[in-house]
Amino acid sequence: GEDVEQSLFLSVREGDSSVINCTYTDSSSTYLYWYKQEPGAGLQLLTYIFSNMDMKQDQRLTVLLNKKDKHLSLRIADTQTGDSAIYFCAEKTNAGNMLTFGGGTRLMVKP
Amino acid sequence: EAGVAQSPRYKIIEKRQSVAFWCNPISGHATLYWYQQILGQGPKLLIQFQNNGVVDDSQLPKDRFSAERLKGVDSTLKIQPAKLEDSAVYLCASSQRRGGGETQYFGPGTRLLVL
């Protein structure tokens, strides 16, 4: 079955690095995504990684994938107050194009 | 490029009333999705269209929810009659096509409150 889990909350100081973790259970996942949601807004795609990769870097964002442990993480370097939001990981499997989302991690960045 | 448009942004109704939401996907995107996001949870897929055909509606409560995409562009999602537990944000997303690494782009959502 499909199940995506995330911790609920993370608090960091401005300028520090943030690491948001996600675990999933479906071994047939093909793509894994990170979305950002600000209050009252829709989901904004941040980055994604194909399941045969173990790392992807995009400016301040680094995605690490441990397929053996079914663990995905998003590292935000030099975290800014504007990064405060809810971050969702999502997986896509070979069964259609549907995304299964985690419950979201609320990131709070303190000045 | 214009993003996914949704309306209305907010809706308050009483239980047992009907409500409809509208979505206009990104131009040229063949695949359209409706998600329900209950407060404090991640989005859950309700229905997926490929052009004007339904690909997956296994999570749609068909006794009260319906959706259509008649001309393969805009889509409407209807709830009739609404229940208190339908209070949520309804998100529409679109992608160019199904499968592969196709990215889904989300609209701002319609926030529904059922009293």
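Numbered from 1 within each chain, the chains take letters A, B, ... in sequence-line order.
Heavy-atom neighbours of A/Q59 CD from other residues, nucleotides or ligands within 6.0 Å: at or below the threshold of 12. Counted within 6.0 Å of NZ on B/K71, heavy atoms from surrounding residues, nucleotides or ligands total 12 or fewer; the atom is thus considered open. Shown here is B/L39, whose CG atom has no more than 12 heavy atoms of other residues, nucleotides or ligands within 6.0 Å. Atom NZ of A/K56 sits in a crowded spot, with more than 12 heavy atoms from other residues, nucleotides or ligands closer than 6.0 Å.
Counting heavy-atom pairs closer than 4.5 Å to chain A, the top residue among B/G42, B/G109, B/P43 is B/P43. For chain B, the option among A/Q37, A/Q44, A/R106 with the highest count of heavy-atom pairs below 4.5 Å is A/Q37.
The part of A/Y35 that comes within reach of chain B is its side chain, from C-beta onward, which places non-hydrogen atoms under 4.5 angstrom from that chain. Using a 4.5 Å cut-off between heavy atoms, A/L43 contacts chain B through both its backbone and its side chain. The contact between B/Q37 and chain A is made entirely by side chain atoms (from C-beta outward), counting heavy-atom distances below 4.5 Å.
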query = Going through the checks in order, is the side-chain contact (heavy atoms from CB on, under 4.5 Å) test met by B/Y33 and A/L99?
reply = CA-CA 10 Å; B/Y33 315 79; A/L99 293 177; over 6 Å; no
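Using a 4.5 Å cut-off between side-chain heavy atoms of Ile, Leu, Val, Met, Phe, Trp and Tyr, with links allowed through other members, A/L72 and A/L61 fall into the same hydrophobic cluster.
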